[in-house]
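We number each residue from 1, following the sequence as shown.
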Amino acid sequence: AKQDYLGAEKLYLRALQVDPMHVDTLVNYGSLLKTVHNELATAEKMYQTALVAEPDHIDALCNYALLLRDGMNQKAKAKELISRALAVAPDDEWLQKQQARSE
């Protein structure tokens, strides 16, 4: 399983060399960095870059919010990101639950 992550990581890095602002790649690579390597600061940079490229990207907002809330104990900033995501997708039940959990 670890090899699968390493292979994916190589592909993400190669894709980011071609297009350093590709939002989905940034978000997915950020998730890998957080989950597999516990590199929270680097994951945060990936999510921040993704949100510069596309400020309303739901996955970037959600993943960054979870990183901040669960990994970095920055609950207020996480709540703000969840609110931004809800503004884009107000009927999303998962987001509604996350907002309630952030109260």
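Here the closest heavy-atom approach between residue Ala85 and residue Cys62 is recorded as CB-SG, 4.4 Å. Heavy-atom minimum distance, Ala43 versus Gly30: CB-O, 3.3 Å. When all heavy atoms of Gln96 and Pro90 are compared, the closest pair comes out as NE2-O, 2.9 Å. Closest of all the heavy-atom pairs between Leu32 and Ala8 is CD1-CB, 4.1 Å.
Within the structure, side-chain hydrogen bond (donor to acceptor under 3.5 Å, both in side chains) contacts touching residues 13-27 (residues at least two apart or in different chains) are His22-Thr25, Asp24-His57. Sorted by first and then second residue, the salt bridge (Lys or Arg N to Asp or Glu O under 4.0 Å) pairs with a member in residues 75-86 read Lys79-Glu103; sequence neighbours excluded.
Taking Ile, Leu, Val, Met, Phe, Trp and Tyr as hydrophobic and joining them when side-chain heavy atoms fall under 4.5 Å apart, one finds Trp94 in a cluster with Leu66, Ile82, Leu86, Leu95. Residues Val23, Val27, Leu40, Tyr47, Leu51, Leu61, Tyr64, Leu67, Met72, Leu81 make up the rest of the hydrophobic cluster containing Leu68, defined by ILVMFWY side-chain heavy atoms closer than 4.5 Å, directly or through other members. Grouping Ile, Leu, Val, Met, Phe, Trp and Tyr by side-chain contacts under 4.5 Å, direct or through others, leaves Leu11 on its own.
Atom-to-atom distance recorded for Lys34:NZ and Asn63:CG is 6.0 Å, nearest 0.5 angstrom. Annotation: the span from Asp59 atom CG to Glu54 atom CD amounts to 10.0 Å, rounded to 0.5 Å. Interatomic distance, Glu9 CD to Leu33 CG, rounded to the nearest 0.5 Å: 6.0 Å.
Taking 4.5 Å as the limit, some side-chain heavy atom of Met21 sits within range of a side-chain heavy atom of Val52.
Using a 4.5 Å cut-off between side-chain heavy atoms of Ile, Leu, Val, Met, Phe, Trp and Tyr, with links allowed through other members, Val36 and Leu26 fall into the same hydrophobic cluster.
Asp56 is linked by a side chain to side chain contact (heavy atoms under 4.5 Å, CB included) to Val88, counting only residues two or more places apart in sequence or in another chain.
In this structure, the side chain of Gln98 does not engage the main chain of Glu93 through any donor-acceptor pair within 3.5 Å.
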